Amino acid sequence: MSLSYLEATARERIQTLLDEDSFEEFLPPAQRVVSPHLGQLDAPVSFDDGVVIGRGSLGGKTVFAAAQEGGFMGGAVGEVHGAKLVGLLRRALQERPAAVLLLLETGGVRLHEANAGLIAVSEVMRAVLDTRAQNIPVIVLVGGSNGCFGGMGIVARCANVIIMSEEGRLAMSGPEVIETANGVEEFDSRDRALVWRTTGGKHRYLLGDCQQIVADDVDAFRAATEQVVAKLEGGNVALTLAGLEAEQALLEQRITRFGEASDPLQIWTNLGLSPAQAQSLPMLEAHDFVALADDYRVKGQA
């Protein structure tokens with residue numbers, strides 16, 4: 001029976017995604033490496049600080065992997081949480097796996113550890129780029145109920161490839177943050193259909209922000225990830241000036257083309273979809289969506 005990626009825990013995702021019985025966890029809960037800040041605030045702690053990291057294999061190839069636990073503080077990043085991610089990426093530089101997989105589910109920085117969390121996220125970004133600079137691809141998977149927001153949304157876009165499900169969400173600021181800062185007229189966070197149209201996997205795929213979209217199934221994520229690892233292996237995966245300039249040009253084109261749109265439906269029709277096709281997109285299964293979307297989507301950097 002297939003396992004829903006959305007409903008699975010971090011450990012279930014990482015253990016099912018990788019080859020059976022291949023995952024070796026670094027700093028497991030038994031070592032009780034917890035946040036030094038939460039206890040001082042009488043806040044609950046987790047013995048893995050909300051992130052699982054380790055080594056395993058995927059299709060017989062050694063990979064490093066990390067999975068954020070959305071059930072603990074929404075997967076938010078604090079000092080220890082971030083240090084574990086950075087440590088995993090730095091160890092990858094020494095052991096040179098075929099890829100580093102980041103299974104992200106997070107609202108961003110943990111407010112209880114604001115400054116420490118912000119520093120941690122910046123260190124994760126640097127570590128991702130350092131890993132890519134050594135021709136080790138970094139692949140992000142997004143499909144949890146909390147989405148991928150805040151600084152970790154930026155981390156995701158620093159990776160080589162992002163794989164999402166329709167249920168996954170990706171953005172810098174979350175819906176509630178936008179509404180709080182600019183009012184409900186700017187963005188109504190209670191309009192769940194609007195939220196998913198704006199930040200969900202289908203919209204991100206159409207805009208070129210993610211390179212693959214799959215069904216809400218760990219096996220589907222596994223198959224897609226295995227293909228990406230094989231495609232990137234041995235290639236130049238470092239961030240180059242040419243790649244950065246191409247990405248900037250893409251963003252400039254997007255703001256020029258879609259900057260006046262107030263709803264993703266308008267963007268989808270601007271891409272060339274008919275109004276009827278645009279209205280049907282939210283109801284399409286992943287395979288049918290990709291078959292239609294590939295004729296219209298913005299081609300992002302892979």
Side-chain angles (χ1 to χ4, degrees), residues 2-5 8-28 48 51-69 84-105 124-144 148 152 155-165 168 201 210-240 243 286 290 300-302:
S2 62
L3 177 67
S4 165
Y5 190 98
T9 65
R11 279 189 174 75
E12 288 173 335
R13 289 172 187 162
I14 208 167
Q15 290 171 351
T16 308
L17 182 82
L18 301 182
D19 296 343
E20 187 174 3
D21 297 327
S22 72
F23 181 64
E24 174 194 355
E25 185 171 355
F26 303 152
L27 294 178
D48 59 15
V51 63
V52 182
I53 64 170
R55 178 202 299 111
S57 64
L58 179 66
K61 298 177 180 178
T62 298
V63 296
F64 279 21
Q68 293 180 300
E69 178 51 70
K84 290 178 71 173
L85 292 172
V86 172
L88 181 76
L89 289 157
R90 289 180 176 168
R91 186 163 177 175
L93 298 180
Q94 299 173 349
E95 299 192 18
R96 302 197 60 79
V100 177
L101 315 179
L102 301 179
L103 287 63
L104 302 184
E105 182 182 0
V124 174
M125 291 179 201
R126 180 185 295 274
V128 166
L129 296 178
D130 286 345
T131 303
R132 288 184 55 179
Q134 294 300 313
N135 274 337
I136 302 169
V138 180
I139 302 164
V140 164
L141 285 65
V142 181
C148 180
M152 293 305 291
V155 168
R157 292 293 279 123
C158 290
N160 291 98
V161 170
I162 300 175
I163 302 170
M164 295 183 68
S165 65
C210 76
Q211 287 67 48
Q212 290 201 39
I213 187 164
V214 299
D216 174 38
D217 184 308
V218 177
D219 289 340
F221 272 99
R222 173 187 168 91
T225 305
E226 196 168 345
Q227 290 175 358
V228 170
V229 171
K231 177 183 176 182
L232 296 179
E233 189 175 24
N236 182 9
V237 299
L239 179 64
T240 64
V290 171
Q301 301 296 307

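Computed from a predicted model, the values in this text were never measured in an experiment.
- The two residues Val237 and Asn135 make their nearest non-hydrogen contact at N-OD1, 3.1 Å.
- The distance from atom CG of Asn160 to atom CD1 of Ile139, rounded to the nearest 0.5 Å, is 7.0 Å.
- Remark: side-chain polar atoms of Glu69 are paired, donor with acceptor, to backbone N or O of Ala10 under 3.5 angstrom.
- Counting heavy atoms from C-beta outward, Arg126 and Leu129 have side chains that stay 4.5 Å or more apart.
- One finds the OG1 atom of Thr225 at 8.0 Å from the CD atom of Gln212 (value rounded to the nearest 0.5 Å).
- The two residues Thr62 and Pro97 come nearest to each other via the heavy atoms O-CB, 3.5 Å.
- Side-chain contact between Val161 and Lys231: absent, with no pair of heavy atoms (C-beta onward) separated by less than 4.5 Å.
- Taking CD of Glu25 as the start and CD of Gln15 as the end, the distance is 8.0 Å to the nearest 0.5 Å.
- Among all heavy-atom pairs drawn from Ala220 and Ala215, the shortest one is CB-O, 3.9 Å.
- Put simply, the residue from Asn236, Leu239, Thr240 that forms a side chain to side chain contact (heavy atoms under 4.5 Å, CB included) with Arg132 is Leu239.
- Between the side chain of Ser57 and the backbone N or O of Ser22 there is no donor-acceptor pair closer than 3.5 Å.
- Side-chain contact between Phe23 and Leu17 is absent, with no heavy atoms from C-beta onward closer than 4.5 Å.
- With Val100 as the fixed residue, the side chain to side chain contact (heavy atoms under 4.5 Å, CB included) test singles out one of Leu89, Leu85, Val63: Leu89.
- In terms of heavy-atom proximity, Ala156 sits nearest to Leu104 at CB-CD1, 4.1 Å.
- Here the shortest heavy-atom pairing between Leu88 and Phe64 reads O-CD2, 3.5 Å.
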* Test side-chain contact (heavy atoms from CB on, under 4.5 Å) applied to Leu141 and Tyr5, step by step -> CA-CA 10 Å; Leu141 285 65; Tyr5 190 98; 3.8 Å; yes
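- For the atom pair NZ (Lys84) and CD (Gln68), the distance works out to 11.0 Å, reported to the nearest 0.5 Å.
- Atom CD of Glu24 sits about 12.0 Å away from atom CG of Leu18, to the nearest 0.5 Å.
- Here CD1 of Ile136 is found 6.0 Å from OG1 of Thr131. Values are rounded to the nearest 0.5 Å.
- The 12-atom threshold is not exceeded at CD of Glu20, counting heavy atoms of other residues, nucleotides or ligands nearer than 6.0 Å.
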* Just do the side-chain contact (heavy atoms from CB on, under 4.5 Å) check on Arg11 and Asp48 with the steps written out, would you? => CA-CA 11 Å; Arg11 279 189 174 75; Asp48 59 15; 2.9 Å; yes
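- The heavy-atom pair separating Gly201 from Ile213 by the smallest distance is C-CD1, 3.5 Å.
- Each of Thr16, Asp216, Asp217 was evaluated against Ser2; a single residue qualifies, Asp217, per the side-chain hydrogen bond (donor to acceptor under 3.5 Å, both in side chains) test.
- Taking the ring centre of Phe26 as origin, the terminal cationic atom of Arg55 falls outside the region bounded by 6.0 Å and 45° from the ring axis.
- By the neighbour-count criterion of 12 heavy atoms within 6.0 Å, atom CZ of Arg96 is densely surrounded, having more than that number from other residues, nucleotides or ligands.
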